[in-house]
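Here is the structure we will look at, set down as structure tokens.
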Amino acid sequence: MDLGSWRIVLSLFGVISLLFSTCYCDKAPNYSFMKEATFAPQVSYYDYIIIGGGTAGCALAATLSEGAHVLLLERGGAPYGKKVVEEMSGFGANLSEDDVHNNNSTAQQFVSEDGVVSSRARVLGGGSAVNAGFYSRAGTDYVAKVGWSGSLVNESYAWIEKKVAFKPPMLQFQSAFRDGLVEAGVKPYNGFTYDHIVGTKIGGSIFDHNGKRHTAADLLEYANPNTTVVYLFATVHKIMFRTKGQYSQKPRAHGVIFRDSKGIKHKAYVKAGEMNEIILSAGALGSPQLLMLSGIGPKAHLKELGLELLVDQPMVGQGMTDNPMNAVMIPSPNPVEVSLIQAVGITEFGSYIEAASGTNFANSIIHLMPTSYKTSQPTSNQEYINKVASEKLYAGLILEKIIGPISSGHLLLKTKNPSDNPSVTFNYFKEKEDLTRCVKGMETIIKVIKSKSFSKFRYSELTIESLLTTMVNLPLNRCPRPANDTGLFTTLEQFCKQTVMTIWHYHGGCQVGRVVDKNYKVYNVSGLRVVDGSTFYASPGTNPQATVMMLGRYMGRRILQSRTAALKKKSFKD
Ligand SMILES: Cc1cc2nc3c(=O)[nH]c(=O)nc-3n(C[C@H](O)[C@H](O)[C@H](O)COP(=O)(O)OP(=O)(O)OC[C@H]3O[C@@H](n4cnc5c(N)ncnc54)[C@H](O)[C@@H]3O)c2cc1C
């Protein structure tokens with residue numbers, strides 16, 4: 001054997017021994033491999049560089065570290081030791097407007113061009129560190145349609161569930177809501193399950209039995225500490241490409257430029273070798289944004305911003321989709337527990353009905369609005385609004401999300417700064433079918449509120465009409481109001497449009513078949529993939545985080561399998 005063959009045999013041995021060495025003993029939050037980016041060298045080299053330590057990125061990094069050297073770059077800090085992240089009651093405060101201009105906050109607010117107020121994560125663990133915690137798998141039809149391998153999907157879900165999914169406690173409010181759903185005809189009752197099945201069920205939660213949140217960052221407990229590096233407060237500004245010689249036709253991604261919290265520039269490169277790659281997991285806003293900032297996107301738009309074009313790719317930023325949320329807040333004569341989502345009604349017609357209680361969820365909606373907006377509401381409702389915002393009100397919130405949705409929009413850059421939000425348009429309810437689903441969902445919610453099972457948690461003298469009218473008058477969005485707004489509505493279609501909010505399940509922008517191929521490789525360049533919620537056409541299951549984490553694990557396994565196969569093939573050939 002010559003020297004080259006020996007090198008290949010040795011690296012193959014390295015991969016295999018990494019794969020079989022299972023003594024990964026770092027426990028959250030004491031990860032020896034996690035540091036602030038100010039400690040990063042000016043230049044460093046890895047097998048894989050993952051941009052975005054979010055819901056998909058953490059699962060992916062932990063998996064790839066089983067067989068390769070991995071760098072994970074996250075623009076936010078660690079989720080550990082923060083009350084607003086770890087405790088369920090912190091949900092509303094975490095998303096509150098006070099944090100908008102604070103680069104250290106775990107959530108970054110944005111307002112879509114439609115006028116819907118939303119949030120995106122800026123923290124290790126990504127959306128799983130700021131979300132409502134509900135954990136539910138995608139349906140088998142979704143998995144089949146996407147073309148994933150069913151067995152690897154199931155193995156990947158199980159890997160996630162071992163660390164971060166729990167059965168919720170189901171106290172009084174959630175139990176009454178569950179029984180109300182069944183009474184309203186959302187049948188059968190399927191008990192506790194992670195599976196997506198028509199009927200009423202109790203799903204999982206990433207909050208454990210003590211009410212403590214477990215984010216995707218906990219999946220890094222699986223990571224090999226010897227082959228993993230995580231830098232926090234590391235904002236990636238650009239992906240670098242080789243464009244000369246053999247790469248003149250198809251540029252190859254070979255490094256990234258990131259800045260630490262002091263604004264110091266660092267460069268990280270992938271080591272030589274065909275299998276080494278950069279993987280974008282920066283989420284539905286971050287991934288298309290970074291592709292564009294790196295020169296991959298619609299030519300005219302990049303030119304407008306003075307960005308150098310690498311590949312004219314008009315589909316980057318297209319297919320931006322957000323599932324509308326419509327809700328009814330129900331003041332309760334009896335105390336309610338603090339709960340986020342636990343029970344869910346999965347209807348035949350594609351509307352998912354969920355509930356939360358305590359004021360924390362309500363505050364996440366109301367507090368998102370500027371104070372001036374609150375005072376401009378009709379005075380008849382001002383007292384109620386003040387009460388809701390004052391956190392002294394016992395209340396539940398029953399909400400619905402529609403499947404898909406079909407309506408979609410696009411994303412464009414506003415500036416060249418990756419820390420700025422891009423502009424995003426979702427075109428809620430543009431397609432009639434979405435609106436029809438919303439109306440049917442609202443009809444079901446009304447049945448639940450009227451149900452005997454739920455009666456303990458509503459004032460009988462508050463009519464459905466008054467509950468819905470109050471919602472129409474709450475400052476739930478910044479969408480343009482009808483010209484002569486009376487604060488009333490006549491149809492549920494109108495109600496759906498006027499009270500549209502987000503359930504924060506936005507996706508798209510780098511969809512499979514448009515921006516990436518079925519192996520999540522970006523078209524027309526090499527060495528670059530996108531693995532996160534930006535690749536989806538529709539939100540999976542009732543709530544997406546289980547499937548986003550699953551995708552990180554799934555693709556990590558697939559990438560390592562190809563790596564091992566390629567090394568074997570090369571050693572055989574040599
Ligand atoms: C408020 C809220 C409530 C939700 N509730 C639920 C729920 O109850 N159940 C559920 O299943 N789903 C829920 N979701 C949705 C779910 O959390 C998201 O769909 C999912 O987390 C998206 O995962 P992702 O990996 O695509 O992106 P993310 O998890 O957002 O990860 C992207 C990461 O990339 C980082 N990043 C971005 N740009 C850069 C850059 N330039 N450099 C470095 N890092 C960068 C970000 O900081 C972030 O950590 C909710 C979401 C929110 C926001």
Side-chain angles (χ1 to χ4, degrees), residues 37 49-60 72-77 79 91-92 94-95 105-110 117-138 165 203-207 213 215-217 231-239 256-259 280-291 293-294 322-323 325 340-342 344 352 354 356 361 364-365 368 401 417-422 501-510 530-536 539-549 551-552:
I49 299 172
I50 301 170
I51 305 170
T55 312
C58 287
L60 180 63
L72 179 63
L73 295 168
E74 167 52 44
R75 67 182 183 143
F91 177 75
N94 202 12
L95 304 180
S105 72
T106 50
Q108 180 182 16
Q109 194 184 96
F110 69 96
V117 184
S118 192
S119 272
R120 58 193 288 227
R122 181 167 45 199
V123 58
L124 189 72
S128 69
V130 302
N131 69 20
F134 193 60
Y135 182 97
S136 191
R137 293 181 177 194
S205 174
I206 58 171
F207 288 97
R213 183 194 291 271
T215 76
Y231 286 129
L232 303 173
F233 301 112
T235 304
V236 176
H237 282 242
K238 199 175 171 176
I239 303 164
V256 301
I257 298 173
F258 64 97
R259 287 186 187 273
L280 247 177
S281 297
L285 265 62
S287 288
Q289 179 182 27
L290 213 50
L291 279 184
L293 289 174
S294 309
D322 191 21
N323 305 75
M325 176 171 86
L340 292 174
I341 317 301
Q342 297 182 357
V344 60
Y352 306 134
E354 303 179 346
F361 203 94
S364 72
I365 299 165
L368 289 171
K401 160 194 174 173
N417 182 350
S419 302
D420 290 343
N421 284 319
M501 292 174 276
T502 177
I503 192 160
W504 306 281
H505 296 172
Y506 46 84
H507 50 275
C510 299
V530 182
V531 175
D532 61 23
S534 71
T535 60
F536 293 163
S539 179
T542 60
N543 299 61
Q545 71 169 338
T547 307
V548 181
M549 288 190 242
L551 180 64

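One-based numbering, in listed order, for ligands and for the atoms of each. Here the structure is a predicted model, which means the values were calculated and not measured.
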As a test of understanding, state which of Val256, Leu290, Ile50 forms a side chain to side chain contact (heavy atoms under 4.5 Å, CB included) with Leu280.
Leu290
Please list, chain by chain and in numerical order, all residues satisfying side-chain hydrogen bond (donor to acceptor under 3.5 Å, both in side chains) with His505, sequence neighbours excluded.
Lys401
Is the side chain of Gln109 donor-acceptor paired with the backbone N or O of Val117 at a distance under 3.5 Å, no angle test?
no
For the aromatic rings, using the six-membered ring if either is Trp, is the centroid distance between Phe110 and Tyr506 under 6.0 Å?
yes
List the protein residues in contact with ligand 1, where contact means a heavy-atom separation under 4.0 angstrom.
Gly52, Gly54, Thr55, Ala56, Leu73, Glu74, Arg75, Leu95, Ser119, Ala121, Arg122, Val123, Gly126, Gly127, Ser128, Val130, Asn131, Ala132, Gly133, Phe134, Ala234, Thr235, Val236, Ser281, Ala282, Gly283, Trp504, His505, Asp532, Gly533, Asn543, Pro544, Gln545, Val548
ring-ring contact (aromatic ring centres under 6.0 Å, His included) with Phe258: which residues, sequence neighbours excluded?
His266
Salt bridge (Lys or Arg N to Asp or Glu O under 4.0 Å) with Arg213: which residues, sequence neighbours excluded?
none
